[in-house]
Participant: 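One structure, as structure tokens, below. Some questions next.
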Amino acid sequence: MTYSLYCFFSQVFDLRQCHLQMQSLANCAQKAAQMQAAVVAGVSAVGAPRSLSAVAGIGVDDLRRLCILRLSFVKGWGPDYPRQSIKETPCWVEVHLHRALQLLDEVLHQMPIDGPRAIE
């Protein structure tokens, strides 16, 4: 039973892709925070890519959602359905992927921690 579940999830969820996406989003969020701090400090941030402003609102909970697999057994959901959330379907299950959560913890611990700096 355990092996068959592993085969199913390995076909539905790509752990390597999830890890790369976590790293990318965490790096972009870190750059956006640095740029925002530079603007607040009065340093020019000219030439900043617009995509960074889109990820500036990414938090740990958004990254944690990458580690959850939600399956609906009866109905579909999403932008093409009348049900926008899986929680509106009659039968669904949520699986928290332990290894993905471990990788997220590693990604977050590898991020540099920049404390508040005095304005010169």
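We count residues from 1, following the sequence as given.
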Participant: Is there a side chain to side chain contact (heavy atoms under 4.5 Å, CB included) between His98 and Leu101 once you walk through the steps?
Facilitator: CA-CA 5 Å; His98 182 70; Leu101 289 166; 5.5 Å; no
Participant: Do you reckon Tyr81 sits in the same ILVMFWY cluster as Val74, going by side-chain contacts under 4.5 Å, direct or chained?
Facilitator: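 Hydrophobic grouping puts Tyr81 apart from Val74.
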Participant: Nearest 0.5 Å, please: how far is CG in Leu20 from CG in Asp14?
Facilitator: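 It is 8.5 Å, given to the nearest 0.5 Å.
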Participant: Could you check whether any side-chain heavy atom of Leu25 comes within less than 4.5 Å of a side-chain heavy atom of Leu66, counting everything from C-beta outward?
Facilitator: yes
Participant: What distance separates Arg70 CZ from Lys87 NZ, expressed to the nearest 0.5 Å?
Facilitator: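 Result: 5.5 Å between the selected atoms.
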Participant: Between Val107 and Val60, is there shared hydrophobic-cluster membership here, with clusters defined by ILVMFWY side-chain heavy atoms closer than 4.5 Å?
Facilitator: yes
Participant: Given 3.5 Å as the limit, does a donor-acceptor pair link the side chain of Arg83 with the main chain of Gly76, or not?
Facilitator: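 Yes, the answer is positive, given that a donor and an acceptor are paired below the 3.5 Å cut-off.
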Participant: For His96, look at atom NE2 and say whether over 12 heavy atoms of other residues, nucleotides or ligands are found less than 6.0 Å away.
Facilitator: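 More than 12 heavy atoms, drawn from other residues, nucleotides or ligands, come within 6.0 Å of this atom.
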Participant: If you compare all heavy atoms of Trp92 against all heavy atoms of Ile86, which two are closest, and at what distance to 0.1 Å?
Facilitator: CD1-O, 3.3 Å
Participant: Roughly how far apart are Leu103 CG and His19 NE2, rounded to 0.5 Å?
Facilitator: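 It is 4.5 Å, given to the nearest 0.5 Å.
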Participant: What closest approach, in Å, do Gln84 and Trp77 show between heavy atoms, and which atom pair accounts for it?
Facilitator: O-CD1, 3.7 Å
Participant: When you group the ILVMFWY residues by side-chain heavy-atom contacts below 4.5 Å and let the links chain together, are Leu108 and Ile68 in the same group?
Facilitator: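 Different clusters: Ile68 never reaches Leu108 through Ile, Leu, Val, Met, Phe, Trp or Tyr contacts under 4.5 Å.
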Participant: How long is the straight-line distance from SG of Cys18 back to CD of Gln23, given to the nearest 0.5 Å?
Facilitator: 10.0 Å
Participant: How long is the straight-line distance from CD of Gln110 back to CG of Asn27, given to the nearest 0.5 Å?
Facilitator: 9.5 Å
Participant: Rounded to the nearest 0.5 Å, what separates atom CD in Gln102 from atom SG in Cys67?
Facilitator: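 So the gap between those two atoms works out to 10.5 Å.
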